[in-house]
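Following: one structure in structure tokens, then a few remarks.
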Amino acid sequence: MYGFGVLDAGFTPQQTESISAAFDVVHQGYLEIHGLDNLTAINEHNTIRCPLSLAIDPFKALVFNENLTMLLKQLIRGAFILSQQNGIINPPQKEYNQAAWHRDLPYQHFVSSSPLAINALYCVDEFTLENGSTYVLPGTHKTEAFPTSEFVERNAQQVVAKAGQYLVLDCMTFHAGGFNSSSAPRRAVNHLFTIPMFKQQIAFANAVDATQFTVEQQKILGIPYAEAQGVDAYLRSRPRPSRGG
């Protein structure tokens, strides 16, 4: 109805802390691989693209969380895949590139009768009013155009959540990151789940070792839905009918 909600992941305090520690390790490794100066030049220094490819276990737990999967099956009709997973850092006392109102199917301004994509933003840190927790515009997943400034002023809602929870949104719900006025960064891991017809931001088939995932997990990673690299590859992918006796 409103296009957003908060879901508890059900992790233990130890698991939540382990994910927090892994986030910082992966972030440092990501900076070493891609270079802070290079990332800053393209405004990517507060983002970790595809952390699942750098540390399987903690970020795998976020993608395939049981509570989240159950909810996704209720919200998205039929099959769904992970289109993207990105670590996000909202730095303290600085401008933030997620502060503008946006949808997570960028530049798309249409509505559908049921969700085509769901955003699950995992809170590595607590989301508070002080550290810039996400603002949402309730109900805007049902309207094509961005609402008036009067609507925004009356209805913008800042969502607070605990570390270990997901902020779940219909991806057509307008939202924005708040200004972090605290003294520490606010960290999160964003997941975008879509119907399989949408193209992935980064092809997980090329980014991860598929053998480390079950058949069902490979489906969510979109591996069976990868584009065929030619007619022969497509024909080989077609299931062969079983021959009964």
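Quick caveat: nothing in here was measured; it's all calculated off a predicted structure.
In terms of heavy-atom proximity, I223 sits nearest to A205 at CG1-CA, 3.9 Å. Smallest separation of non-hydrogen atoms from F23 and A188: CE1-O, 3.4 Å. Nearest heavy atom pair, residue P196 against residue A79, reads CD-O, 3.3 Å. For V160 against V6, the heavy-atom pair with the smallest separation is O-CG2, 4.2 Å. The shortest non-hydrogen separation linking I89 to P185 is CG2-CB, 3.8 Å. Of all the heavy atoms in A61 and F11, the pair that sits closest is O-CZ, 3.9 Å.
Under the 4.5 Å side-chain heavy-atom criterion for ILVMFWY residues, a single connected hydrophobic cluster contains both I33 and F204. A chain of hydrophobic side-chain contacts below 4.5 Å, direct or via other Ile, Leu, Val, Met, Phe, Trp or Tyr residues, connects L167 to Y2. Transitive grouping of hydrophobic side chains (ILVMFWY, heavy atoms separated by less than 4.5 Å) keeps L52 and I81 in distinct clusters. Both M197 and L221 are assigned to one and the same hydrophobic cluster, defined by single-linkage of ILVMFWY side chains at heavy-atom distances under 4.5 Å. Hydrophobic clustering (side-chain heavy atoms under 4.5 Å, transitive across Ile, Leu, Val, Met, Phe, Trp, Tyr) groups I56 together with I48.
Other residues, nucleotides and ligands place more than 12 heavy atoms under 6.0 Å from the CD atom of Q15. Annotation for Q93: atom CD counts as buried by contact number, over 12 foreign heavy atoms lying within 6.0 Å. Heavy-atom contacts from other residues, nucleotides or ligands closer than 6.0 Å to OH of Y234 number 12 or fewer.
No donor-acceptor distance shorter than 3.5 angstrom exists from the side chain of S53 to the backbone of V208, with no hydrogens or angles considered. Y225 contributes no side-chain N or O that, together with a main-chain N or O of F80, makes up a donor-acceptor pair within less than 3.5 Å. Checking side-chain atoms of D232 against main-chain N and O of R236 turns up no donor-acceptor pair under 3.5 Å. Under the 3.5 Å distance criterion, the side-chain polar atoms of S133 are matched with a main-chain donor or acceptor of V159. Remark: side-chain polar atoms of R77 are not paired, donor with acceptor, to backbone N or O of S114 under 3.5 angstrom. A donor-acceptor pair is defined here as one N or O able to donate and one able to accept, closer than 3.5 Å; no such pair exists between the side chain of D104 and the backbone of N119. In this structure, the side chain of T140 engages the main chain of F174 through a donor-acceptor pair within 3.5 Å. Not one N or O on the side chain of N46 forms a donor-acceptor pair closer than 3.5 Å with the backbone of P91. Remark: side-chain polar atoms of N131 are paired, donor with acceptor, to backbone N or O of E126 under 3.5 angstrom. One N or O on the side chain of Q229 and one on the backbone of E227 form a donor-acceptor pair closer than 3.5 Å.
From F127, atom CZ reaches atom CG of N180 across 10.0 Å, with rounding to the nearest 0.5 Å. Distance check: R154 CZ to S149 OG gives 9.5 Å after rounding to the nearest 0.5 Å. Summarising the geometry, atom NE2 belonging to H45 is positioned 9.0 Å from atom NE2 belonging to H27; distances are rounded to the nearest 0.5 Å. Here T148 contributes atom OG1 and E150 contributes atom CD; the two are 4.5 Å apart, rounded to the nearest 0.5 Å. The OG1 atom of T69 lies 6.5 Å from the NZ atom of K73; values are rounded to the nearest 0.5 Å. Atom OG1 in T134 sits 7.0 Å away from atom NE2 in H175 (nearest 0.5 Å).
Taking the charged nitrogens against the carboxylate oxygens, R187 and D125 do have a contact shorter than 4.0 Å, which makes a salt bridge.
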Exercise. Applying side chain to side chain contact (heavy atoms under 4.5 Å, CB included), run through K60 and Q217 and close with a yes or a no.
Key: CA-CA 9 Å; K60 179 179 179 179; Q217 289 173 343; 3.4 Å; yes
Self-check item: Test log, rule side chain to side chain contact (heavy atoms under 4.5 Å, CB included), inputs I88 and L121
Solution: CA-CA 9 Å; I88 299 173; L121 184 64; 4.2 Å; yes
Practice problem: Step by step, work out the side chain to side chain contact (heavy atoms under 4.5 Å, CB included) result for L105 and F198. | Solution: CA-CA 10 Å; L105 288 180; F198 287 112; 4.2 Å; yes
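Contact annotation: the side chain of F110 approaches that of L116 to within less than 4.5 Å [non-hydrogen atoms, C-beta and beyond]. With contacts defined as side-chain heavy-atom distances shorter than 4.5 Å, the pair F64/L82 does not qualify. Between F59 and V26 the shortest side-chain heavy-atom distance falls below 4.5 Å. Proximity of F193 to L68: side-chain heavy atoms (C-beta onward) are separated by under 4.5 Å at one or more points.
In this model, a donor atom of one side chain and an acceptor atom of the other lie less than 3.5 Å apart for H191 and Q85. Side-chain contact annotation: T173 with D170, donor-acceptor N/O pair under 3.5 Å absent.
For R49 and Y30, the positive end is not near the middle of the six-membered ring at less than 6.0 Å and at most 45° from its axis.
Ring planes of F146 and W101: tilted class, angle from 30 to 60°.
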